[in-house]
Amino acid sequence: MVKRWMTYATALLSIVLILAACGGEKKSSDSATDDKNDEKESGKEKYTIGVTQIVEHPSLDAALEGFQKAIEDAGLDVEYDKQNAQNDNSSNSTIANNLAGAGVDLIFANSTPSAQAAASATQDIPIIFTSVTDAVAAELVASNEEPGGNVTGTIDNHPDAISSTMKFLKDSLGAKKVGMIFNSGEQNSRLQVDSVKGILKDMDMEVVEASVATSADVKQAAESLIGSVDSFYIITDNTVVSALESVISVANDNKIPMMVGEFDSVKRGGLGAYGFEYYDIGYEAGQMAVKVLTGEAKTETLPVQVPQNLKLLLNKKTAEAIGLEIQDDWNAEIVE
């Protein structure tokens, strides 16, 4: 009998120990859940941002740098999944689909093609874009004031930039025929070319076009315009800007002024630009992303932003290379 009771006591003690262990595990699990909830409440939740960029070049890279700095300044804990399509449309679509499938918290789309691919891949994950020229024409948003969907961001098209550039070419440099090299497959580029043509109708000037498909075509396209143009205007075309040095060499060798669409291209050797820093529009896009991630705003009601502080930047070395003297009344900032 004593032996039987000892057996029962041992079994009962085992059960008590098992229940105590289970209770301890549950408490530990509850504590982890509470810690995660505390992180959310304190704004320290960890986020994953997918980054899709059409190609590597200084302007887009600067925009990405600005975007990340805004996230850092906001104190968010973010892990990035950065992917670059290397200017390949098939890869661009694959990247967008992969990011959507991975269920990232937000997609940062750096360029018009990147934003369009991301928008096609998901209607649920918020998308913040930058380096887009016309978000409405690209069918990314219903309107700049009220985007209306899961997409919004910052554009790289100041409303006065192109008209100011054309006025400078005519009034200050005496240009009449403007050579434009662009990838006709980029909607962003076609819109800019059409905009230039519309402006020049009333200025007694004309556009001479040269279309390219890849960056390898850019130098030959520039050379084909020699003798037909007295100036160049290189817009924010990803294909051409990625091979900008080849156009710079052709322009400088032939003493032809080459205006460009953004400051990074001036720093690389373009004569000048009316523009803004891509870092700044990337930073502004990052601030928008912070608002979306933290629940302060929703993409459908967060207006698209335009660049601020339009100014003229000129490259002194390039001006000297083509025999151009920079005038004080141009009120330009100078890159030495």
Donor + acceptor pair across side chains of Q53, D61 (<3.5 Å): yes

Distance col, row S249:OG vs L244:CG, nearest 0.5 angstrom, shows 9.5 Å

Could you give me the CA-CA distance, side-chain angles and deciding distance for V292 and L106, then say whether side-chain contact (heavy atoms from CB on, under 4.5 Å) is met? CA-CA 9 Å; V292 171; L106 181 141; 4.1 Å; yes

Would you compute the distance between atom CG of D134 and atom CG of L140 and round it to the nearest 0.5 angstrom? 9.0 Å

Cationic N near anionic O, under 4.0 Å, R268 to D264: no

Is there side-chain contact between V208 and M180, with at least one heavy-atom pair below 4.5 Å? no

Is the distance between the ring centroids of F276 and Y278 less than 6.0 Å? yes

More than 12 heavy atoms of other residues, nucleotides or ligands under 6.0 Å from CD of Q220: yes or no? no

Could you tell me whether K291 atom NZ has more than 12 heavy atoms of other residues or ligands within 6.0 Å of it? no

Nearest 0.5 Å, what's the OG-CG distance between S265 and N315? 11.0 Å

In Å and rounded to the nearest 0.5 Å, what is the CG to CD1 distance from N254 to I226? 4.0 Å

Nearest 0.5 Å, please: how far is OG in S228 from CD in E206? 9.5 Å

Side chains of I54 and L60: does their closest heavy-atom pair fall under 4.5 Å? yes

Side-chain heavy atoms of I334 within contact of E336, under 4.5 Å: yes

Using the side-chain contact (heavy atoms from CB on, under 4.5 Å) rule, take I49 and V104 through it: C-alpha gap first, then chi angles, then the decisive distance, then the call. CA-CA 6 Å; I49 295 180; V104 296; over 6 Å; no

Is there side-chain contact between V290 and L76, with heavy atoms separated by less than 4.5 Å? yes

D329, CG: over 12 other non-hydrogen atoms inside 6.0 angstrom: yes

Check whether the side chains of T52 and N110 place a donor and an acceptor atom closer than 3.5 Å, and report yes or no. no

Are the side chains of T299 and I127 in contact, using a 4.5 Å heavy-atom criterion? no

Closest contact, heavy atoms only, N92 versus P113: ND2-O, 2.9 Å

With a 4.5 Å heavy-atom cut-off, do K316 and V335 have their side chains touching? no

Between S131 and S111, does any side-chain donor sit less than 3.5 Å from a side-chain acceptor? no

Using a cut-off of 6.0 Å, state whether more than 12 heavy atoms not belonging to D160 lie near its atom CG. yes

Do the charged groups of K311 and E333 touch, with an N to O distance under 4.0 Å? yes

Once the angle between the rings of Y80 and F67 is folded into 0 to 90°, is it parallel (under 30°), tilted (30 to 60°) or perpendicular (over 60°)? perpendicular

If you count the non-hydrogen atoms of other residues, nucleotides and ligands that lie under 6.0 Å from CD in E146, is the total more than 12? no

Chi angles and distances behind the side-chain contact (heavy atoms from CB on, under 4.5 Å) call for E209, V193: CA-CA 9 Å; E209 300 181 14; V193 173; 3.9 Å; yes

For atom NZ of K267, decide whether the heavy atoms of other residues, nucleotides or ligands shown that lie under 6.0 angstrom number more than 12. yes

Check: Q187/Q116 side-chain N/O donor and acceptor closer than 3.5 Å: yes

Pair K176, D204 - check salt bridge (charged side-chain N to carboxylate O under 4.0 Å, His left out), show working. CA-CA 7 Å; K176 288 186 175 294; D204 193 29; 3.7 Å; yes

Identify which one of N238, D237, T214 satisfies the side chain to side chain contact (heavy atoms under 4.5 Å, CB included) criterion when paired with N183. D237

Counting only heavy atoms not in Q86 (residues, nucleotides, ligands), do more than 12 fall under 6.0 Å from its CD? yes

Identify the two heavy atoms, one from L271 and one from L324, that lie closest to each other, and give their separation to 0.1 Å. CD2-CD2, 3.8 Å

Is any side-chain heavy atom of I155 closer than 4.5 Å to a side-chain heavy atom of P307? yes

CD1 of I235 to CD1 of I162: how many Å apart, nearest 0.5 Å? 7.5 Å

Any side-chain donor paired with an acceptor under 3.5 Å for S59 and E262? yes

Heavy-atom check, side chain of P257 versus side chain of I322, under 4.5 Å: yes

